[in-house]
Structures are given as C-alpha cells and as structure tokens.
Amino acid sequence: MQTRYEPRDVESRIARRWVDSGINHPEPAGSPAENFSIAVPPPNVTGALHMGHALNGSIQDVLVRWHRMHGRRAKWVFGTDHAGIATQKQVEQKLARAGVAKEDLGREAFVEEVWRWTREHGGIIQEQFKRLGASLDYDDERFTLDDGYVRAVLKVFVDLYEQGLIYRDHYMVNWDPGLRTAVSDLEVEEREETDTLYSIRYSDEVVVATVRPETMLGDTAVAVHPDDERYRHLVGTAVMLPLVGRELPVIADDYVRTDFGTGNLKVTPGHDPNDFEIGRRHGLEAVTVIGEDGRMTAAAGEFAGLTALEARAAVVQALGDRVVKTEPYTHNVPYSHRSGERIEPLISLQWFMRMDELARPAIEAVRDGRIRIRPESQRRRYVEWLEAIRPWCISRQLWWGHQIPVWYRGDEVHCGLEPPDGEGWERDPDVLDTWFSSALWPFATLGWPQDTAALRAFHPTDVLSTARDILFLWVARMVMMGLRFTGEVPFEDVYVHSVIQAPDGRRMSKSLGTGIDPLDLIEQYGADATRFGLLAMSSTQDVRFSEEKIAQGAQLANKLYNASRLILMNADPAADAPPATVEDRWILSRLERAKRDAAERIEAFDFAKLALGLYDFVFGELCDWYLEIVKPRLYDGDPAAHATLLRVLEETLALAHPVIPFVTEELWSMLPGERGMLAASRMPPADPSRVDPEAEAALGDAIATVRALRTWRESVDARPGLHIRGVPSGAGATIDLVAQMARFEWAEDGAEPVAVVPTPLGAIGVLATDGLDVGAAERKRAEERDRLEREIARAEGKLGNEGFVAKAPGAVVAAERDKLERLRAELEAL
RNA sequence: GGGCGCGUAGCUCAGUGGGAGAGCGCUCGCUUCACACGCGAGAGGUCGCUGGUUCGAAACCAGCCGCGCCCACCA
C-alpha cells in the first residue's frame, strides 16, 4: 500500500461502482414526506461544469448522500435546459464560421441543426458531474425539450391563456438589436455611462434636453408639469417639431420634473418607456423611427437607413444652432444581459403574462413558512420583488425553444395543444422565454401533468439550492407555477449559496479570463479535495476562491487514508472489547460531538463549518492525539484499543462520506468484515451515552499539560529525542500518557528539581537530566514567573472591580476566581 | 435614488457581550516504526476610524471613511 492517497487511482473506479449499483435511481415509492428529493438546477444542455455547478453540486450531493444514509429514498433529479438564446447563438456562430446564416437553412433545418449540436455536446456535463461524485439520478435524465416536457409547457401556456393571464399586446419592450428579439426586464442590466446631454430649442419658449437627439424624429408632444407657472400658458398650444415639421401639442403631466433642464420634456412614446406611459395617458400617437434592426425607419425621413448612432450625429448637425447647449451627462444605460448590446426600447407585438395574481400565493407561501428561504436577506429580496412584480414578456423571436401554441387565420386566433382543423392557419413563429419552461422544472421532470408514481413519491421536493442571481428569474417563478398548477409548493427549503469570485475579487468569467475550471482542480487535487475546498469556502456571502482550501481537502483525504492504514495494518479485526481507558472514552465522546455538530450544520445549511469541523476532528483530535496516545496499546495488541480504533474509524468514514465520498468509500471497502458500499450504508446513529464530560475534561488538561511541557522543552532547547526526568505533583489517570506524549520519564520523588513547569495538572518538577541545559531552564523559569504575575494582576484587577463582581453573571465571576487561584498555585510552585 | 452586505494575522476567512482564532504563507527544530500533502514549537493583529451604551465591546448603537452587490422608467 502506498503511503500517499492518490485520488486518480481511486475515483473513476468508485464513481462507476456508484452509478452501476443503482443507488442513485430510487424506486418511485413512498411519500414525499419520507423520501428526500432535489431537482438539480438544470445546466445548459451544451454547457460545461463551471465553479458554480461544482459548488452547488457539492452542496446538493452532501444533502442527498446525508439523507440517503439516514434511510430515505433519495432522488436527485438530473437534466438539462435547452437554453434558447444561448444555444441558438452557439449554433448560429458555428454556421457563421462556415458562412451560412440561419435564414439560408430555414427554420426546420436550423432547428434540426441545433438538435444535432445538443446531441453532440449534451453528454459532457453529465460525465463531469459523475467525476465530481454527484449522485444524481443519471438513469432518469430530463431535457426541457423532451416530448413529455413540451406537453407540460404547452398545457401551462394554454391554461393560462384560457384563464386570461397570458395575452398579446403592442407594448414597449426591451429590444435586443443584436439578437433581434425581445428580452424580459430581468435580462437587462444597467450600466453607468457618460453621454452628451443636448439642449434643443423647439420654439422661442420651448427648449428640451435629451441624450438621444435622434429620437426627436418620433416626438409627438412636449410636456410640462401642471403646476409649472412658467409654462402654464403654453398648455393646449402647439410647437412645431424641427426637421420634421410635425405639430406637437404641449401637454401637462405630473411625470415632468420642474427642476430638470428647462422643465420642458420631449415626449417620444415610441422609444422611451416613460414617454410610452405618458403617451397612453394622453392618447398620443407613437411613431416608430428606430426599427428592430437598430436602424432608422422610413418614418425618420431623410435619416432612414442610418444606425441610431449615425442618426444622432446627423440630427445634431441638421439642427445647427437650434442645439443651444451640450454638456456631459452621466446616466444609466440598459444593456442586454445576453448579447451585451445596448437595449433599444421599442413598441412591439409580444406575448405577456400577468403576474400579480400568481405572485400573491407565492408571497404567502414564504410568509407562512411553507417555504423557507435562507439567508434571510434573500427571503426579503424575494418578497419585495414579488410585491412589485410587473407583466412578464414571455415571447422570444427565436427558433430554438417551445413554439407558442397559437395559430392565426385572418382575425381568428386559436390557442390549443393541437393545431386547429381547416386550411390556412399559420402558427405564431415565436418561442417562449427559456425561463417559462424552467419554471415547471420540479414537477414537469417528474411527469406532470400525468399523475405519475414519481410525482406522488418525490413532489414536492425538499430543497432547492442555487446562487442568488436566479432567485427571480427561476426560483420565484417555480413557486408561482408550482402553486398554480400542482397546488403545492415545489420545494420546502431554498438555500441561496455564495458566489465564488476569482482570487482577485472579480467575477469568475470566461470572457474576463478569470474563470477557474473545476475539472482542473479535480485533476490536480481530486474530487474529494475539490468538494471539501468549495464547501469550506462557501458561505452566505460572496467569497474569493482560495486554492489553499482545496489543498486542505487533499490533506484531509491523505490524512484519513494514512490513519486508516495505521489502524488496519495493526488492529485485530476480531477485537471486541469496550473502551478501557480515559482516552478511549475521550475519543468516543469527541466523535459523538462531531456527529452532533455535523447534524446541526446540515440542518442549518452551514457547509463550511461542516467541512472544517470534520477536518478539525480528524486532525486535531483523532490523529494528533488519540492515535499518538494509543499507539503503544495498538502495537501491544490491546483489544480495547483495537476495538475502539475500528469503531471510531468506521463511524468517522461514514460521517465524512457526504463531504468526501471517494476516499471514504475506498477506505470503507478495506474495513474488515462483509459490508456493502458506504454510500448505501446507514449513518451511525447518535449515542448520547458516549458523551463523557469527565473524560473530556481529563484529556483537555492532559493535552494542555503536554503542550506546556513541549513548550518548555523548546524554550530550553532540549533535544527532541531526549527523555527528560521529571516529577509530577500528583498521579492521575492521564499522567503516564502525558509523559509519553511530552517525552518525560517520571522519577521517584526525593531529588531536588532544577526547574518547575506549571501545568493544569499541577507543577511538574524537572530533574537534572543528561543533555539538559539547566541554565536555560533557569532563564525560562524567570520568564514564566513574569507571565504568571501579569496574568494574576489582570485577574485581580477584574475581581477588584466592584462593577464586575456585582453585575457580571455568577458563573463568570466564579470562573475568574478559579482561574486566579490556579495561577497563584502555579506561581507558588515556581 | 432606495436597499443589503462587507472591512479581524502577509493572503483567504471563522468568531457576534466576558482571557484575539483556523488553513495557507513565514521562522526554528525533527529520517518519532500511518502520513514530509507529515510531526512539534514559535513569530505575526491599536479586530477600518470617531463617538456612545455597558462593570466589561472585535461583537450592540450612531456617525464617518473604504469596498462590493441588488433593486429603480426621471429627460
């Protein structure tokens, strides 16, 4: 057996065993209450595993493995998302490299091409999740464009249409001129930019200000505030729009601010969301001067055909001295999240979904605790967003996706799961926003709208784990759709995890070149280490990636491996004896606390403490102390030591398995006796009878004593191998293990100590020993006296403070008194 | 403009009312018969600043400085 754990040798073999064993694919039986289920946030079908997947995959896998090991049927639904815009864009780019436009192929051939592409790239992320150790149900994979899933999506559309929640309207939308499609409000990001603010004189009395002079070609009014004395006389009159020659009525509207610019607002209902609203209020015509291609339309007259930006310069030039002022102006500009293009607000015929009626029960479900969102800050975000929700533009001008189930013939409209009978019907060419179909994920993946066994067994799911960037896009919409169509919440806990940033604090992104590939980490450190590191980094707030944490995970795996080697190479598998010594009782008690801590941390979704707590137990208690203390008994064949070691090892492997499944599974297979896979085993139950405060106190003192003696040794430059003769001030159960660990030898009392070391177990006298420099010991004694005197003065000061004695809790004061006494005794001993 | 969060050791982060912590890095020592991805011992911190509450503040409150994120239709 090699002395170092090599994940590469182990992980692929173990991963295959798990998948082949069928444990990831539970029978659809039992009730959702007794089962445990999670629907994975579906990655894009052509995507590759990134840091977010790796972290969230680790989190979910911990939960799935934990609950499976507690005897629950655990189903982690696997699947991918067709990701309309993203996938279509990839294929368009591929075609463009071959000089082909999608229009050349036509819709049907293009969609077939996208299918080919998804089949080609679709299996990648599944293999990557397997490498991470994710125990997803790979045997029951879903895709948001599967036949069954499509039926669910169309049914939802038709039902909502019939219920009047989905409607078609000419309305101002966020138009992405790059992708040539509308996008929803959530797909728009604002960027701060400095542009030029132009003041343009429309008449002697009317001067308007705008950063987009080209839109003036579409002006249909000038507005002033109704209370603005300066312009009251103008209301009801008209001004002539320069360049165009259209008469603009001067209207009064509350929206106008009197303290901005001149207090005259140009109104362009066709190209500004605010102006659109004003236009609706006042019955103004909306003139579209910028088209869906981002170029000026025929309505722009002589400027037709120019891009909006070109038109801006041309309009400014044509206006000549009517431009009375230019000044730099910093404002927010909308950009498309998807393409990075500047959003062009324009009026378009689109499908919308009314959300207020759906939002109310979704708010209620969180308010009354049927859904718990943590952390609390995300719960608030969720509620506040839903309370202010607006209609959702659900149609996209794409080819890849769920085509809207609506057909037109003249003025006739047919919405249904099947095409209408008769000739001459034409189907709406648009597809649905990808998030429309994702919103059905937790139940559509289980077979809804059919009443399937899977749905009865696993819905509602238990946990939804995600990053906060899709809380609105996805999570809130799942709740709304779930409640509307299944009558149940789709999940009970929403855990919003941190975002792992690049080490320099920037966002991890491929385009910035700041991304770190989790597969590289798995390659270098192993999947266990990667999982451990990501979990240890995780938190409820953003954290910077630190490779050291991954390395820490590799050390834990290696440590467990070597500790297991020590035990398995020396312990008698047949040993069967109860704990015999204080250290046996101590390690069992500490293990019990580690088990309790782990359970609490899972319960609290505190994965960082879960991982680091395991590390602390394995290093700080099991290996650094128990294994070192027990070694002589291990080598001597002490049955109690052997039995305790095997018991502790077995339970530690089980406890650590959800976090570091590979190494624990591998070591489990080396334990004596016939046993199945650890992944399919039961978590050792809590055993409160093992908690032993006396043993913990005794070992706590012993450990502190060993440390004091070691520190003393270092301070006098004693050789590490030198066994120093000493005299303890008393005999306790731990005094011999103290000698062993500190390399002391207890001598008969009587000789005069050359030095005294104060410890929690009393003063320990040091006798003259060959190779020990007593002069150094003497200097050390003086330093120690200084330290004790300082601490005593501090404690005395505190206890001399009347306020402290009178107002602090009794236990705190008593503890301070005890400490003072102990310090005085130590000083006395010196 | 509104809201949320953060500022603790060189780095990444725990700690949220009673003696400043972890991992990594650094220094010194160790071929201790599981592990040098190891073992042992150390150095290193006016806990962003200023006030306040309290017997006691890194923690609670207020203000300020710095950083980040989210939401928002003001030309």
Side-chain angles (χ1 to χ4, degrees), chain A residues 1 3-5 172 185 190 197 208-212 215 223 255-257 259-261 263-268 272-277 329 331-332 334 345 375-378 380-381 384-385 388 468-469 471-472 499 501 503 505 525 529 533 536-537 539-549 551-570 608-609 612 615-616 619-620 623-624 627-628 631 634-635 706-707 710-715 717-721 741-743 791 794-795 798 801-809 811-813 815-816 819:
Chain A
M1 234 174 136
T3 63
R4 190 167 144 175
Y5 175 62
M172 176 141 294
D185 295 341
E190 306 283 333
L197 182 67
V208 301
T210 179
V211 289
R212 303 195 61 192
T215 65
Y255 171 79
V256 182
R257 273 177 38 182
D259 59 349
F260 190 94
N264 298 145
L265 174 69
K266 66 190 272 300
V267 181
T268 320
D272 182 280
N274 302 308
D275 295 5
F276 180 77
E277 297 296 335
Y329 183 67
H331 63 146
N332 287 327
E376 174 63 25
S377 54
Q378 300 304 319
R380 271 200 308 274
R381 278 182 73 215
E384 283 165 15
W385 183 73
R468 61 164 179 271
D469 54 345
L471 187 68
F472 309 148
V499 172
Q501 301 169 328
Y525 295 97
M537 268 175 250
S539 148
T540 52
Q541 64 175 45
D542 292 355
V543 285
R544 296 182 183 202
F545 178 79
S546 77
E547 195 159 332
E548 290 78 17
K549 283 281 189 297
Q552 198 180 344
Q555 285 170 358
L556 176 61
N558 186 59
K559 196 72 175 174
L560 262 185
Y561 175 82
N562 278 292
S564 301
R565 275 204 317 139
L566 172 69
I567 295 167
L568 295 173
M569 288 190 307
N570 294 285
K609 286 211 191 76
L612 294 169
Y615 182 94
D616 288 343
F619 272 78
C623 293
D624 286 355
L627 290 185
E628 294 301 331
K631 263 180 189 172
L634 173 63
Y635 297 139
V706 170
R707 291 208 162 113
R710 282 173 176 168
T711 301
W712 186 85
R713 295 181 64 110
E714 292 268 344
S715 71
D717 281 333
R719 248 189 322 109
M741 298 297 285
R743 303 209 169 195
E791 289 206 32
R794 203 191 137 278
K798 217 167 168 182
N801 179 338
E802 279 175 36
F804 176 72
V805 177
K807 296 190 181 174
V812 173
V813 177
E816 200 63 31
K819 191 204 304 175

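Quick note: numbers below take in every heavy atom, side chains included, and nothing from hydrogens, waters or symmetry partners. All figures in this text were calculated on a predicted structure; none of them were measured in a lab. Naming convention: chains lettered A, B, ... in sequence-line order (proteins, then strands); numbering from 1 in each chain.
Residue contacts for A:E628: at a heavy-atom cut-off of 4.0 Å it reaches a base atom on one of the strands shown. Residue A:R719 is classed as having no contact, given no heavy-atom separation below 4.0 Å to the nucleic acid.
Take A:R743 and apply the side-chain contact (heavy atoms from CB on, under 4.5 Å) test, not counting sequence neighbours, and it matches A:R713, A:H723. Checked against side chain to side chain donor-acceptor pair (under 3.5 Å), A:Y255 has the following partners two or more places apart in sequence or in another chain: A:N274. For A:R257, the side-chain contact (heavy atoms from CB on, under 4.5 Å) test picks out A:D259, A:F260, with sequence neighbours left out. In this structure, the side-chain contact (heavy atoms from CB on, under 4.5 Å) partners of A:E190, at least two apart in sequence or on a different chain, are A:V188, A:N332, A:P334. Among residues two or more places apart in sequence or in another chain, the side-chain contact (heavy atoms from CB on, under 4.5 Å) test is passed with A:A551 by A:Y525.
If you measure from atom CG of A:L471 to atom P of B:C69, you get 18 Å, rounded to the nearest angstrom. Between the OH atom of A:Y5 and the C1' atom of B:A34 there is a distance of 16 Å, given to the nearest Å. Rounding to whole angstrom units, CG of residue A:N558 and C1' of B:G38 are separated by 9 Å. Whole-Å rounding puts the A:W385 CH2 to B:C70 P distance at 16 Å. Atom CD of A:E384 and atom P of B:C71 are 12 Å apart (whole Å). Spacing between atom CG of A:D717 and atom P of B:G42 amounts to 13 Å, rounded to whole angstrom units. Remark: C1' of B:A36 and CG of A:N562 are 11 Å apart, rounded to the nearest angstrom. The CE atom of A:M741 sits 11 Å away from the C1' atom of B:U32 (whole-angstrom rounding).
Pairing for B:G38 is with B:C30, a Watson-Crick or G-U wobble pair whose two hydrogen-bonding atom distances lie under 3.5 Å. Partner assigned to B:C74 is none, using Watson-Crick or G-U wobble distances below 3.5 angstrom. In this structure B:G68 sits in a base pair with B:C4, meeting the Watson-Crick or G-U test at under 3.5 Å. Remark: B:A62 base-pairs with B:U50; criterion is Watson-Crick or G-U wobble with both hydrogen-bond distances under 3.5 Å.
With C1' as the reference atom, B:G17 and B:A58 are 11 Å apart, rounded to whole Å.
For B:A34, the OP1/OP2 oxygens have a side-chain nitrogen or oxygen of A:Y635 closer than 4.0 Å.
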- In the 5'-to-3' direction, what one-character label does each nucleotide of nucleotides 13-23 of chain B receive under the scheme B = base within less than 4.0 Å of a protein heavy atom, S = sugar-phosphate only, - = no such atom? SSS--BB---S
